[in-house]
Amino acid sequence: MVNLDLFIVNVALPSIGHAFGGTGLDSLSWVLNAYAIVFAALLVPAGYAADRIGRRNAFIAGIIVFGLASAWCAFAANVWLLVAARIVQAAGGALLLPASLGLLLAAAPAARRAGAIRGWTSVAGLAAALGPVIGGGLVSLSWRWVFLVNVPVAAVTLLASPRVLPAAPATGETKRPDVLGAVVLTTAIGAIALALVKADGWGWASPRVLSLIAAAVVLLVVFAWRSARYPAPLIEARMVRLPGFGTATGASLLFGVAFGAVLLFATLWCQVVWGWSALRTGLAVAPGPLLVPALAIGAGPLARRVGPGPVAAAGCVVFAAGCVFWRLSLTLRPDYPAHMLPGTLLQGIGVGLTIPTLVSAAVSAVPPHRFATGSGVVTMARQVGIVLGVAILVSVLGKPGTRIGELAAFQRATVFIALSAVVAGIASLLLAARRRNRHRAAGSQLAAATGLAEDQGLA
């Protein structure tokens, strides 16, 4: 349900804008970004809370908040009340998600945890596939059903959770999560996103855009300073220094930029340029993400054999190839099988290889008692990337005003998305370098120990 709400709303944006008097994309984008920003910033404090109060208790609390906020979204009277409701909804989702992975990993034997993480991550891919389709069907009734559908799902889950979920005890975490740090980070990300979204209208060199960027830089410096001193910071330095964790988390952020942008791109292309309905758009977007669950699980043995770095990098390259295909083939005349479907399938393959591999590499690097917190950090990074991807896409698309202008703007957007994926692939290769260094260090230690034994006549 939480993953679905990251994707189901994309296809409803044009209908929401029409219902609220032709609200522009620069304002509508906050229906997505407000959710993603708050969701990202609260994931780590929520992970701490789950470790502290017990993961089942945190999961149930998240269900209640998410369900009530979804009802508020459904009855919002204007776009900014909807944005406010989405912020509360994101807080419930942030409490749910790390608790869910913590419950799963606590129940899984150590040898099967990597597979459990991949299975858990594949749910996000399934949500990305089903979200636009379900959203399109619901929008044909009313965009409000996109949110109202969560209420019965939350009610059934709330009734089932005490009976189904294991009563995982609290881990004894006594540190208070850095809520103020989360607020600072949220404000910084929001300032960057607002500057990017408004840059086309205000001008990149305008005082307002420059002030927002300067404020974001100052807030990020304050966040880093506070994180270095707070007992339970949002991002722990020692966790980032764990072999593989920091690299996988950084690559997740970079790939999130491409992932967030491409989802909104496909929705806007089908509805704005080709003039398709929300349901038809959802069906058009679905084939790529439908490949993700099988690839998420199937890539596990390959990642164990060659390492997560090459697998994730290959996924990024395939994803970028899908964007390049779109750049070369999409035209103003709708031709889905020839011009859009192959790129969508390539992107689905790329997502299936990349996201589960990076999440598994990051979470597997943390100790078991910090699973919820570790999953919160890596998911936060990907969500920050999604926010930046959506904001940059809105800025790149701008307001072309003509059909030819729309085509040129969307072609520029495919180049930006492809380059973002390539950069994420380069970052992913650092995982391979770290893996080789660890093996080399282990070999050196073994050689040194063997040499010492031989010197002592103990070989």
Side-chain angles (χ1 to χ4, degrees), residues 1-2 4-42 64-94 131-132 134-154 183 186-187 189-202 208-209 212 260 263-264 267-268 271-272 277-279 281-282 383 386-387 389-391 393-395 397-399 401:
M1 182 175 65
V2 175
L4 199 66
D5 254 61
L6 292 169
F7 308 109
I8 196 172
V9 181
N10 282 7
V11 75
L13 279 187
S15 296
I16 295 171
H18 179 74
F20 291 146
T23 303
L25 184 60
D26 55 347
S27 297
L28 285 175
S29 65
W30 289 100
V31 177
L32 303 177
N33 277 347
Y35 182 92
I37 291 170
V38 175
F39 185 63
L42 293 184
I64 294 171
V65 173
F66 194 91
L68 293 175
S70 296
W72 180 11
C73 289
F75 295 106
N78 59 59
V79 70
W80 298 114
L81 285 176
L82 176 57
V83 169
R86 289 279 282 171
I87 289 172
V88 179
Q89 192 186 38
I134 295 172
L138 294 172
V139 168
S140 64
L141 302 174
S142 168
W143 66 265
R144 298 182 187 275
W145 277 103
V146 167
F147 302 104
L148 200 58
V149 70
N150 291 328
V151 177
V153 177
V183 172
T186 301
T187 308
I189 298 169
I192 295 172
L194 181 59
L196 293 171
V197 166
K198 292 292 188 180
D200 184 66
W202 291 349
R208 285 182 288 184
V209 169
L212 284 169
L263 290 172
L264 184 57
T267 298
L268 293 176
Q271 292 188 266
V272 174
S277 68
L279 179 57
T281 296
Q383 289 305 119
I386 289 173
V387 170
V390 169
L393 179 70
V394 171
S395 180
L397 292 179
K399 299 177 182 177

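Values below: every heavy atom of this structure, side chains too, minus hydrogens, waters and symmetry copies. Just so it is clear, the model here is predicted, and its values are computed rather than measured.
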### Query
Closest approach of Ile37 and Ala193, non-hydrogen atoms and distance?
CD1-CB, 4.3 Å
#### Entry: Heavy-atom pair with the smallest gap, counting every atom of Ala278 and Val11
O-CG2, 3.3 Å
### Message
For the OG1 atom of Thr281 and the CD atom of Gln271, what is their distance to the nearest 0.5 Å?
### Response
4.0 Å
### Task
Take His18 and Trp143, measure what side chain to side chain contact (heavy atoms under 4.5 Å, CB included) needs, and give me the verdict at the end.
CA-CA 10 Å; His18 179 74; Trp143 66 265; over 6 Å; no
### Query
Nearest heavy-atom pair of Leu148 and Pro152: which atoms, and what distance?
O-CD, 3.4 Å
### Message
Side chains of Val153 and Leu4, heavy atoms from C-beta outward: is any pair under 4.5 Å?
### Response
no
#### Entry: side chain to side chain contact (heavy atoms under 4.5 Å, CB included) between Leu194 and Trp30, worked out
CA-CA 9 Å; Leu194 181 59; Trp30 289 100; 3.7 Å; yes
### Task
Can you measure from CG (Leu268) to CG (Leu393) and round to the nearest 0.5 angstrom?
6.5 Å
## Note on the structure
Here the pair of heavy atoms bringing Ala91 nearest to Val38 is N-CG1, 4.4 Å
### Task
Answer whether the closest heavy-atom distance between the side chains of Trp80 and Ser27 falls below 4.5 Å.
yes
### Query
Is Leu212 close to Ile192 at the side-chain level, that is, under 4.5 Å between some pair of heavy atoms?
no
### Task
State, with a plain yes or no, whether a side-chain heavy atom of Val9 is found less than 4.5 Å away from one of Leu32.
yes
### Summary
Output for pair (Phe147 CZ, Ser142 OG), nearest 0.5 Å, gives 10.5 Å
### Query
Heavy atoms, side chains only, cut-off 4.5 Å: are Val31 and Val83 in contact?
yes
### Message
Rounded at 0.5 Å granularity, tell me how far CZ in Arg86 sits from SG in Cys73.
### Response
6.0 Å
### Query
When the ring planes of Phe39 and Tyr35 are compared, do they come out parallel, tilted or perpendicular, using 30° and 60° as the limits?
parallel
### Query
Are Ile8 and Leu138 side-chain neighbours, meaning at least one heavy-atom pair lies under 4.5 Å?
yes
### Message
Ile16 vs Val139, test: side chain to side chain contact (heavy atoms under 4.5 Å, CB included). Steps then yes/no.
### Response
CA-CA 9 Å; Ile16 295 171; Val139 168; over 6 Å; no
### Message
With heavy-atom distances below 4.5 Å as the criterion, would you say the side chains of Leu68 and Trp72 are in contact?
### Response
no
### Query
Any idea which heavy atoms bring Val390 and Ser29 closest together, and the distance?
CG1-CB, 4.4 Å
### Query
Between Phe20 and Ala76, which heavy-atom pair has the shortest distance, and what is it?
CZ-O, 3.9 Å
### Task
Flag the pair Asn78 / Leu82 as yes when at least one side-chain heavy-atom distance between them is below 4.5 Å, and no otherwise.
no
### Message
Tell me whether the count of non-hydrogen atoms from other residues, nucleotides or ligands lying under 6.0 Å of CH2 in Trp145 goes above 12.
### Response
no
### Message
As an exercise, state the distance from CD1 of Ile87 to OG1 of Thr186, rounded to the nearest 0.5 Å.
### Response
9.5 Å
### Message
Treating Ser395 as the side-chain partner and Ala391 as the backbone partner, does any N or O pair qualify as donor plus acceptor under 3.5 Å?
### Response
no
